[in-house]
Peer 1: 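Below: one structure in structure tokens.
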Amino acid sequence: MADMMWAGRFSKQVDETVNAFNSSIAFDGRMYKHDIQGSIAHATMLGDCGIIPKEDSLEIIRGLEEILADIESGKLALDPEAEDIHMFIEAELTKRLGDVGKRLHTARSRNDQVAVDIRLYLRDEIDEIYALVKELAVTLLNMAKEHTETIMPGYTHLQRAQPITFAHHLMAYVWMLLRDLDRLSDTKRRMNLCPLGSGALAGTTYKTNRRQTAELLGFDAPMPNSLDGVSDRDFCVELNCALSLIMTHLSRLSEEIIMWCSWEFKFVELDDAFATGSSIMPQKKNPDVTELIRGKTGRVNGDLVTLLSMLKGLPLAYNKDMQEDKEAIFDAVDNVKLCVKTFIPMLSTMRVLKDNMRNAAAKGFINATDCADYLVKKGMPFRDAYKITGTLVAQCIEKGLTLETLPIEDYRAMTNLFDEDVYDAISLDTCVRERKSEGGPSPEAVKLQIAEAEKALGL
Ligand code: ARG
């Protein structure tokens, strides 16, 4: 086994099992670009501050750039035996430059190095996830634009409640995603401080310039406390919270789509390219994508619990437990990207079965509130109107009728405030058209919120 860089004070080589157990390169190898980016900033600062000779700093930077190019071209493979990505790159640099390479780690520890790497890595991931979630929001918004007149039942307790439109329903998700975008930006803003220069925990005696490295790496400022600089993983937790909420939103919509695909609802039909069959039942067309999204939501929530549990008992500053942060947050990031990427084309190819939505809205007495409101508008107190309408609904159920088909005599037997115009007042179209309160489902009101959401999305 290769000598460890820290082998000086040890009389034995590390046991094979411990090396394999300790090693994180299998999962932190993906941060190679960010590790090199951090090291280039550090080397630049060391040279500028005269902590190492300027020529050495330039040589180190060139060496790091070559290593990056070689990893990217496939010429240099990551060594699975290496302890982690930081050690691998530093060892490779020293292999190439000799003594000059050994100067890179002056005034730095792997503790501030790893902290800066994760921030740089997650900052890029946040940008990618932001773009994907935005694309999803735009997809839903465009679908909403086509369905401002598509009437469907709105539900509470999964019981048909009041009529809405499909556009209104979809826009509810657009607003959730807009909040998700806001949370991603907020997380990125709070995490955009630079831990580099915190050293192992207690800063350094060298005259470093932390502002320079922070600026070179695009951070807003250095972290104000070196202990916090190396031990803070709040940003991983915050990001995972934001990701868990994104998944929660995808999962709720997935659950609805799963129901809507069933023969019991038949409100939508998935494109054949986004559904799967059964190995035994020839008639089946299953909504696997949505079910998997619902399932993966639990997994992303699990990542959040991993991070919170990993941190809760840790004394300051760095502890090896913190190496566990990466697999959790990377898993959350990977799965959210995978889910959103699959969800977008699945939604945009989904067929909306408007007639079935409308037929469902025509059943279940979802215009009963409107019937009561009809009486209220003629002067009756709401509670009395509510009671009368309830009685009428019971009569309809007994006679196998709907409020639309109940004869006017039955209405007038309850109160002579009822006239022929009640039929228009309780027609589905009226019920939806007249719900124009701000944020309501009327086509007019929904078009206003679509315009507002377009503005928020910068469209
Ligand atoms: N692989 C380690 C991690 O991910 C890097 C930091 C190691 N620091 C140390 N003092 N052992 O956390």
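Start at 1 with the first residue, then count along the sequence. Both counts, for ligands and for their atoms, begin at 1 and track the order of listing.
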Peer 1: Any heavy-atom pair between the side chains of L184 and I246 that's under 4.5 Å?
Peer 2: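 Heavy-atom side-chain distance check passes, below 4.5 Å.
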Peer 1: Distance under 4.0 Å to a non-hydrogen atom of S24: what atoms of ligand 1 satisfy this?
Peer 2: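 Within the 4.0 Å cut-off of S24, ligand 1 contributes 1 (N).
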Peer 1: Got F343 and T290 here, is their nearest side-chain heavy-atom distance under 4.5 Å?
Peer 2: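 Contact flag for F343/T290 side chains = yes.
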Peer 1: Charged N to carboxylate O below 4.0 Å: is that the case for R189 and D186?
Peer 2: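 Yes.
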Peer 1: Pick whichever of V114, I118, N111 has a heavy atom sitting closest to atom 9 (C) of ligand 1.
Peer 2: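 Going through V114, I118, N111 one by one, N111 has the nearest heavy atom to atom 9 (C) of ligand 1.
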Peer 1: Tell me, which protein residue and heavy-atom name are nearest atom 6 (C) of ligand 1, and how many Å apart are they?
Peer 2: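 Checking every protein heavy atom, the shortest distance to atom 6 (C) of ligand 1 gives Y318 OH, 3.5 Å.
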Peer 1: Check each atom of ligand 1 against the heavy atoms of Q323 and keep those under 4.0 Å away; list them by number with element.
Peer 2: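 Those of ligand 1 that fall under 4.0 Å from Q323 are 1 (N), 2 (C), 3 (C), 4 (O), 12 (O).
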Peer 1: For ligand 1, is there an N or O atom under 3.5 Å from any N or O atom of H86?
Peer 2: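 Such a contact does not occur with ligand 1.
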Peer 1: Does R119 qualify as a cation-pi partner of F235, given the criterion of NZ or CZ under 6.0 Å from the six-membered ring centre and within 45 degrees of its axis?
Peer 2: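 The answer is yes; both the distance and angle limits are met.
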Peer 1: What I want to check is whether the side chains of T276 and N286 have a donor and an acceptor closer together than 3.5 Å.
Peer 2: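 No, no side-chain donor-acceptor contact under 3.5 Å.
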Peer 1: Measure the shortest side-chain to side-chain distance between I61 and T44 over non-hydrogen atoms and say whether it is less than 4.5 angstrom.
Peer 2: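 Side-chain contact under 4.5 Å: yes.
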Peer 1: In terms of atom number and element, which parts of ligand 1 are under 4.0 angstrom from non-hydrogen atoms of D84?
Peer 2: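 Once the distances to D84 are compared, the set is 1 (N), 2 (C), 5 (C).
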Peer 1: Would you mind running through ligand 1 and noting each atom that sits below 4.0 Å from a heavy atom of K326?
Peer 2: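 What qualifies from ligand 1 is 3 (C), 4 (O), 12 (O).
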